[in-house]
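First comes the structure, then the notes that go with it.
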Amino acid sequence: MRRSVLIAATAAAATLALPTLAQTPIVIKFSHVVAPDTPKGKGAQRFKELAEQRTGGKVKIELYPNSQLYKDKEELEALQLGSVQMLAPSLAKFGPLGVKEFEVFDLPFIFKDTDAFRAVTDGAVGADLFKKLEPKGIKGLAYWDNGFHIMSANKPLHNVADFKGMKMRIQSSKVLDAQMRALGAIPQVMAFSELYQALQSGVVDGTEGVASNFYTQRIFEVQKHITLSNHGHLAYAVIVNKKFWDGLPADIRTQLEGAMKDASTYANAIASTENAAALQGIKASGKSTIYMPTAAELAEWKKALMPVHKEMESRVGKATVEAVYKAAGFSAK
Ligand code: LMR
């Protein structure tokens, strides 16, 4: 008797438990290195809202900004291992993974404006580059723009000679390494999360970056001079663990793809205004001088930096460089 009561109770509990189990949401951990209040942070937040709404709560997006889970390099390893499902690293971060073609995006002055960048990522070149990630267990979902790089240091950086011997932080890209050397600086690879302290303590003298990151990481507190050189471009790839993504129920995957498409439109639309607002914030702080280089100074930077294209051609791949030139309407002038 007691045994049958127990069996009945267990069966009832199992029946009760079943619907609960079926409703357990699929969790997507989305990790990134920047602050929530940046174009990438806001794009991630928008994706979370759209994805959770459109899947009717069947998917839960957990956001981990500010390198709170992983630093730059560890992030990609964690994605490959499946410890995290979604990331949005800068395109520079794929070189160390062995997909060197992505370093084409780091070539100095390669994009004359955002439209030139979008012409590359929205077309066949962007799609072909994403295919190169698949053997690494990674699927590319979208490209997110974050505008042009500016330079900072505790001394004015107007002429190329000003870079001589300066220790400049870079992301781990051989093209960025060559770029800093071409200016006469000493490049130092460092994780984004370590940058503020490294600048504060003098481990490095300066850095390149975008205004939204300079503002939200408070780089302007430890760098007295910023030059609006726009010499390079910063963009991200929103990527997922391929096995995880391919294993999702097809209807859910379609809903998530739709959410990503709309979140990407949003993230790309806000990048330039967010960076302009961040620059205003830096100006208002009164802590950094913001310098607009003259045409002659920029011509001098270009003269020093353009040879990096040829120098890096064999690493990045001639075909990739030429395909990007063509899609972007690149001109060396
Ligand atoms: C960096 O390391 O400087 C960038 O990748 C940071 C970012 O915006 O993701």
Side-chain angles (χ1 to χ4, degrees), residues 30-45 47 63-79 84 86-97 99 102-103 105-106 108 114 117 121 140 142-153 167-177 179-180 185 187-199 203-220 222-223 226 229-239 264 267-268 270-272 274-275 277-279 282:
F30 186 167
S31 161
H32 65 83
V33 301
V34 298
D37 192 17
T38 55
K40 175 159 60 178
K42 289 185 175 182
Q45 177 64 32
F47 172 67
L63 297 179
Y64 297 96
N66 270 326
S67 310
Q68 60 184 268
L69 278 190
Y70 306 104
K71 290 185 197 171
D72 306 4
K73 192 167 164 277
E74 300 158 2
E75 217 182 39
L76 280 161
E77 285 162 8
L79 185 87
V84 65
M86 187 174 280
L87 304 174
S90 67
L91 303 177
K93 308 267 160 71
F94 295 113
L97 202 69
V99 196
F102 274 89
E103 289 180 358
F105 291 101
D106 299 332
T114 303
F117 162 74
T121 51
Y143 289 96
W144 288 0
D145 171 40
N146 198 12
F148 289 88
H149 270 153
I150 55 183
M151 288 278 195
S152 75
K167 283 179 278 162
M168 301 294 290
R169 181 266 172 174
I170 54 162
Q171 306 178 74
S172 59
S173 152
K174 293 288 181 223
V175 169
L176 297 178
D177 183 287
Q179 167 201 272
M180 288 301 184
Q188 308 269 312
V189 172
M190 183 176 291
F192 182 68
S193 57
E194 287 160 12
L195 180 57
Y196 180 91
Q197 250 208 313
L199 288 167
V203 168
V204 289
D205 302 312
T207 186
E208 62 180 3
V210 290
S212 57
N213 284 341
F214 278 16
Y215 188 56
T216 53
Q217 301 297 321
R218 309 194 73 75
I219 300 297
F220 61 92
V222 289
Q223 295 277 268
I226 293 176
S229 48
N230 294 332
H231 60 280
H233 187 262
L234 182 66
Y236 312 114
V238 185
I239 54 174
S264 301
N268 284 320
I270 64 169
S272 104
E274 289 284 317
N275 278 296
L279 198 61
I282 296 172

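Just the heavy atoms: all of them, side chains too, but no hydrogens, waters or symmetry mates, feed the values below. Whatever order the structure lists them in is the order used to number ligands and atoms, beginning at 1.
- Closest of all the heavy-atom pairs between S67 and S193 is OG-CB, 3.6 Å.
- Of all protein heavy atoms, the one closest to atom 5 (O) of ligand 1 is K93 NZ, 2.8 Å.
- Here the heavy atom of the protein found nearest to atom 8 (O) of ligand 1 is Y236 OH, 2.5 Å.
- Under 4.0 angstrom from ligand 1, the non-hydrogen atoms of K40 all belong to its side chain.
- Only the side chain of L234 comes within 4.0 Å of ligand 1, counting heavy atoms alone; its backbone N, CA, C and O stay farther away.
- Applying side chain to side chain contact (heavy atoms under 4.5 Å, CB included) to K167 and the options Q188, M180, M190 leaves one that passes, Q188.
- With 3.5 Å as the limit, one finds a donor-acceptor pair spanning the side chains of Q171 and S90.
- Which parts of ligand 1 touch S90 is read off a 4.0 Å heavy-atom cut-off, strictly below it: atoms 5 (O).
- Taking the six-membered ring where the residue is Trp, H233 and F148 present perpendicular rings, their angle passing 60° and hence far from 30°.
- Given atom 3 (O) of ligand 1, the protein heavy atom at minimum distance is R169 NH1, 2.7 Å.
- Of the heavy atoms in N213, only side-chain atoms (C-beta onward) come closer than 4.0 Å to ligand 1.
- Between Y215 and F220, the two ring planes are parallel [angle under 30°; tilted spans 30° to 60°].
- The closest protein non-hydrogen atom to atom 4 (C) of ligand 1 is Q171 OE1, 3.5 Å.
- Ring orientation note: the planes of Y143 and F105 are tilted relative to one another, at an angle of 30° to 60°.
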